[in-house]
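These notes concern the structure reproduced below.
As a basis for the values below, the full set of heavy atoms in this structure was taken, side chains included, without hydrogen atoms, waters or symmetry mates.
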Amino acid sequence: MKMFAYYLQLGLRSLRRNPVLTALMVLGIALGIAASMTSLTVFHMMGSDPIPWKSSKLHYVQMDNWDPNQPYGDDGSPPDQITYRDAVALMQAGKADKQTAMFKLALPIQPANPQVKPFMALGRVASADFFGMFEPPFRYGGPWGRDQDAAHARVLVLTSDTNEKLFGGQDSVGKTVRMDGVDYSVVGVLDKWKPRFKFYDLTNGALSAADEFFMPFTTAIDLRQRASGNNSCWKFPGEGWDAYLQSDCVWIQMWVQLDSPARLAEYKSFLDSYVNEQKRLGRFPRPLDNRLPNVTQWMQAQRVVPRDVEVQTWLGFAFLTVCLVNTIGLLLAKFMRKSGEIGLRRALGASRSEVFRQFLIESGVVGLSGGLVGLLLTGLGLIAVRALYADYKNVAQLDWTMVLTTLVLAIVAALLAGLYPTWRACRVQPASQLKTQ
């Protein structure tokens with residue numbers, strides 16, 4: 001430990017003697033780190049598991065009821081949503097530990113407060129189990145229950161932002177909100193809940209706007225509220241609301257919670273039996289292809305991480321490599337200029353391994369300095385990303401994992417860059433250098 005402190009002192013002294021060269025090396029590493037870590041942070045935040053404590057238990061339901069002559073997906077995959085009639089059948093069967101059918105809905109809100117202008121709000125129509133499955137925190141009240149689902153109750157759960165806008169952030173449980181001319185009673189208000197992306201509704205876009213209210217699925221259907229999200233039909237659904245509900249148009253997202261592999265196998269068997277029964281009734285003309293991907297599998301299938309983010313990440317690391325090559329050249333020039341000092345130290349008894357450790361520690365100091373500056377530049381880069389791309393505001397954020405990754409990457413990169421210059425410095429022959437002094 002004493003030798004490490006001694007070599008660290010020598011390294012710092014050496015860096016101070018050449019401030020311009022030191023600044024160039026630190027800046028080079030910092031720019032490379034910033035370029036790579038800005039992209040890697042977005043990649044990490046979008047690609048990491050959004051609910052790791054239960055993602056393996058949450059499964060998205062896919063059934064292939066599409067056109068017999070043409071698959072839904074280019075890769076032959078089934079539709080990414082299901083029909084209303086299938087969603088109702090699955091909900092009524094109740095074979096999952098928890099389950100929710102849902103869709104996106106936009107409705108105008110007419111505030112009771114005359115000082116608040118009417119506005120269009122984006123909400124989520126869901127079943128009561130949604131809250132137990134995805135675990136949004138509550139500030140006031142709580143979710144509605146299954147009995148209110150069955151009663152088609154006109155109730156709402158508000159997000160904290162919507163509650164702030166309508167009621168100044170106060171406890172609004174029991175108060176009334178008018179939407180599209182219909183009065184709803186508030187049963188709960190969420191606390192701050194801003195997932196990095198809407199992993200529970202990838203069909204309408206992982207980075208789409210956050211939900212502002214939640215309404216029972218049965219209530220929205222009872223009031224004939226059409227979905228504001230994706231709606232796909234492979235044949236004419238017929239005229240009118242009832243025909244639309246009985247059609248083969250897909251517009252409902254269905255999630256189930258299955259608490260064990262055995263429960264997953266049981267539900268898959270149930271799903272297969274259900275579709276085979278529907279086939280006997282003349283539906284589901286395509287081959288049986290039921291799927292139950294979990295959260296991370298569904299993220300991969302829906303390509304949550306865009307291709308351009310992947311490309312930018314690779315380009316960022318390519319730029320870091322270029323910066324390291326330049327750093328190697330600067331370190332080599334710096335170390336070889338100290339050949340006389342190295343030769344003298346070797347003549348006084350210093351071994352090659354001691355010289356190697358000294359200069360490698362000096363490289364590490366450069367890396368740590370570059371990492372700290374790079375961390376600052378990465379923060380500025382993420383601010384720029386949020387300013388340029390509003391959809392990325394929740395994923396262009398540094399967390400402690402990425403802070404530590406940035407510093408470790410900078411130090412490791414500098415050590416790797418210093419290996420060759422350090423090895424060359426260790427090859428200096430003491431006798432040749434002493435002759436030239």
Side-chain angles (χ1 to χ4, degrees), residues 61 81-112 118 120-134 136 138 140-159 162-163 166-167 172-190 200-201 204 211-231 237-257 274:
V61 177
Q81 299 182 108
I82 64 175
T83 68
Y84 169 78
R85 62 191 295 188
D86 293 323
V88 169
L90 298 184
M91 291 293 296
Q92 290 177 344
K95 297 295 185 179
D97 296 301
K98 289 187 177 71
Q99 57 189 5
T100 181
M102 59 185 182
F103 59 88
K104 185 170 74 170
L105 179 64
L107 287 177
I109 293 183
Q110 296 97 23
M120 186 66 70
L122 179 67
R124 179 138 310 269
V125 169
S127 309
D129 282 353
F130 173 91
F131 302 97
M133 293 172 67
F134 298 103
F138 276 82
Y140 304 118
W144 63 84
R146 293 183 179 181
D147 55 338
Q148 289 168 299
D149 275 339
H152 303 192
R154 297 185 180 183
V155 295
L156 291 178
V157 167
L158 301 179
T159 63
T162 307
N163 187 61
L166 294 176
F167 301 105
S172 60
V173 173
K175 294 186 177 181
T176 298
V177 175
R178 176 172 286 264
M179 294 198 303
D180 198 26
V182 178
D183 289 334
Y184 300 84
S185 177
V186 178
V187 296
V189 177
L190 296 185
Y200 53 85
D201 184 13
N204 290 301
D211 295 315
E212 297 173 272
F213 66 87
F214 296 84
M215 175 190 297
F217 181 87
T218 52
T219 302
I221 297 299
D222 191 42
L223 295 173
R224 301 193 172 195
Q225 299 290 356
R226 282 185 177 263
S228 302
N230 293 340
N231 186 332
E239 298 289 348
W241 175 252
D242 292 334
Y244 176 63
L245 294 184
Q246 295 303 311
S247 72
D248 278 317
C249 296
V250 293
W251 53 285
I252 305 292
Q253 298 119 38
M254 181 83 186
W255 284 93
V256 294
Q257 179 173 322
Y274 170 78

### Task
Evaluate the criterion side-chain contact (heavy atoms from CB on, under 4.5 Å) for residue pair I221 and L245; output intermediate values, then yes/no.
CA-CA 9 Å; I221 297 299; L245 294 184; 4.2 Å; yes
#### Entry: Verdict with reasoning, V157 to V187, per side-chain contact (heavy atoms from CB on, under 4.5 Å)
CA-CA 6 Å; V157 167; V187 296; 3.9 Å; yes
### Task
Before giving the answer on side-chain contact (heavy atoms from CB on, under 4.5 Å), spell out for L158 and F167 the whole-Å C-alpha distance, their side-chain angles and the decisive distance to 0.1 Å.
CA-CA 11 Å; L158 301 179; F167 301 105; 4.0 Å; yes
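If you take CH2 on W241 and OH on Y84, they are separated by 8.0 Å, rounding to the nearest 0.5 Å. Residue M215 holds its CE atom at 15.5 Å from CE of M102, rounded to the nearest 0.5 Å. Atom-to-atom distance recorded for N204:CG and N230:CG is 4.5 Å, nearest 0.5 angstrom. Taking CG from D242 and OH from Y244, the interatomic distance works out to 13.0 Å, rounded to the nearest 0.5 Å. Between D211 atom CG and T162 atom OG1 the span is 9.5 Å, to the nearest 0.5 Å. Between the CZ atom in F213 and the CG atom in L122 there is a gap of 7.0 Å [rounded to 0.5 Å].
The nearest pair of heavy atoms linking G188 to F138 is CA-CE2, 4.0 Å. S228 and A106 make their closest contact through OG-N, 2.8 Å (heavy atoms, listed as atom of the first residue, atom of the second, distance). Between V189 and S172 the shortest heavy-atom distance is CG2-OG, 3.3 Å. When every heavy atom of I82 is checked against every heavy atom of V61, the shortest pair comes out as CG2-O, 3.9 Å. Contact record, P216 with V125: O-CG1, 3.9 Å, taken as the closest heavy-atom pair. Closest approach of A101 to I252, counting heavy atoms only: CB-CG2, 3.9 Å.
Screening residues 96-109 for side-chain hydrogen bond (donor to acceptor under 3.5 Å, both in side chains), with sequence neighbours left out, gives D97-R263. Note on residues 173-187: pairs passing salt bridge (Lys or Arg N to Asp or Glu O under 4.0 Å), not counting sequence neighbours, are R178-D183. The list of side-chain hydrogen bond (donor to acceptor under 3.5 Å, both in side chains) pairs with a residue in residues 214-227, not counting sequence neighbours, is empty.
Residues passing the ring pair (Phe, Tyr, Trp, His ring centres under 6.0 Å) test with F134, sequence neighbours excluded: F130, F199, Y200, W255. Residues passing the side-chain hydrogen bond (donor to acceptor under 3.5 Å, both in side chains) test with Y274, sequence neighbours excluded: D86.
In this structure, Q81 contributes its side chain and N231 its backbone to no donor-acceptor pair below 3.5 Å.
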Only distances under 3.5 Å count here; give the side-chain donor-acceptor pairs of residues 147-156 to other protein atoms, sequence neighbours excluded, each with its distance to 0.1 Å.
{"residue": "Q148", "atom": "OE1", "partner": "G145", "partner atom": "N", "Å": "2.8"}
{"residue": "D149", "atom": "OD1", "partner": "W144", "partner atom": "NE1", "Å": "2.9"}
{"residue": "D149", "atom": "OD2", "partner": "A128", "partner atom": "N", "Å": "2.8"}

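L90 is not listed as a side-chain neighbour of V256, based on a closest heavy-atom distance of 4.5 Å or more.
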